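Computed from a prediction, not measured in an experiment: that's the story for all the values here. Chain letters run A, B, ... following the sequence lines, proteins first and then strands; every chain starts at 1.
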Amino acid sequence: EPEVTQTPSHQVTQMGQEVILRCVPISNHLYFYWYRQILGQKVEFLVSFYNNEISEKSEIFDDQFSVERPDGSNFTLKIRSTKLEDSAMYFCASSVSSGGGAGNEQFFGPGTRLTVL
Amino acid sequence: AQTVTQSQPEMSVQEAETVTLSCTYDTSESDYYLFWYKQPPSRQMILVIRQEAYKQQNATENRFSVNFQKAAKSFSLKISDSQLGDAAMYFCACRSGSARQLTFGSGTQLTVLP
């Protein structure tokens, strides 16, 4: 069964450094998402992406963050100048559609644990 | 804005028994969807069951069923004949019809005792 994959599984970086988290969504999916979960807190929405554009973003997704689909398979989240509070598990997800029906089910990747020192 | 609340951080159930996980939500939308996701240890979240708000009938998927009380904004998950493989973190989530983002609850850690 197709799955969303994410690399790396764990990333350690120094405060102020840039990181890129990578995701490979399911191949026929058109909508892509990033969520994050700070340890002990809820899973929070960051951004959704469709047709090479951001379609929704949360207050968390400020100028420090950017997303890109550099080729036909990868979907990346870049964090510029990481801060200690960026330490979290970052989940990528994808869906076939965003409307009603079963096609809007979001399939999640296993996550990347980002540790900022 | 939507909120989702799971008031049970941890639950346990004996193998083969039934357990109910609670979830309440709040949304101003009339069109929305509700979901239960399961996250086994070190694995990705997978969808367990979904409910469209416009459907009155409670969703069922094999041993998993929901009790959707729209007026009370309650969406509980019942797991029948619990199995060891059901042990996981369970997240309740809500998505409005007009948005793409999921709003999650804080999760319930379910332990299944042999």
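Counting heavy atoms of neighbouring residues, nucleotides and ligands inside a 6.0 Å radius, atom CD of Glu10(B) does not exceed 12 of them. Counted within 6.0 Å of NZ on Lys55(B), heavy atoms from surrounding residues, nucleotides or ligands total 12 or fewer; the atom is thus considered open. Around the CG atom of Asp62(A), the shell of radius 6.0 Å holds more than 12 heavy atoms that belong to other residues, nucleotides or ligands. No more than 12 heavy atoms of other residues, nucleotides or ligands lie within 6.0 Å of CZ in Arg43(B), so this atom counts as exposed by the packing criterion. The neighbour count for Lys57(A) NZ, taken as heavy atoms of other residues, nucleotides or ligands under 6.0 Å away, does not exceed 12. For Asn62(B), the CG atom is loosely surrounded, since the number of other residues' heavy atoms within 6.0 Å does not exceed 12.
From Glu44(A), atom CD reaches atom CD of Gln101(B) across 11.0 Å, with rounding to the nearest 0.5 Å. The distance from atom CD of Glu3(A) to atom CD of Gln44(B), rounded to the nearest 0.5 Å, is 4.5 Å. For the atom pair Phe104(B) CZ and Gln37(A) CD, the distance stands at 9.0 Å (nearest 0.5 Å). A distance of 7.5 Å separates CZ in Phe107(A) from CG in Leu47(B), rounded to the nearest 0.5 Å.
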Tell me, with the steps shown, if Val43(A) and Tyr37(B) meet side-chain contact (heavy atoms from CB on, under 4.5 Å). CA-CA 12 Å; Val43(A) 176; Tyr37(B) 278 88; over 6 Å; no
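Tracing side-chain contacts under 4.5 Å through hydrophobic residues (I, L, V, M, F, W, Y), one never reaches Met15(A) starting from Leu39(A); they form parts of separate clusters. No continuous path of ILVMFWY side-chain contacts below 4.5 Å connects Val4(A) to Tyr90(A), so the two sit in separate hydrophobic clusters.
Taking each heavy atom of Asn104(A) and Arg95(B) in turn, the nearest pair found is ND2-NH1, 2.6 Å.
With a threshold of 4.5 angstrom between heavy atoms, Val47(A) does not approach chain B through any atom at all. Contact annotation for Gln39(B): only side-chain heavy atoms (C-beta onward) come within less than 4.5 Å of a heavy atom of chain A.
Side-chain N or O atoms of Tyr35(A) include one that pairs as donor or acceptor with a backbone N or O of Leu102(B) at under 3.5 Å.
Of the listed residues (Gly111(A), Ser9(A), Gly109(A), Gly40(A)), the one with the most heavy-atom contacts under 4.5 Å to chain B is Gly109(A).
Heavy-atom proximity under 4.5 angstrom to chain A picks out Ser106(B) from residues 106-114 of chain B.
Residue pairs satisfying the salt bridge (charged side-chain N to carboxylate O under 4.0 Å, His left out) criterion with at least one member in residues 107-117 of chain A, sequence neighbours excluded, are absent. Each disulfide bond (SG atoms under 2.5 Å apart) pair with one or both residues in residues 40-81 of chain B, not counting sequence neighbours, would appear here, but there are none.
Residues passing the side chain to side chain contact (heavy atoms under 4.5 Å, CB included) test with Ser55(A), sequence neighbours excluded: Ser48(A), Tyr50(A), Arg100(B).
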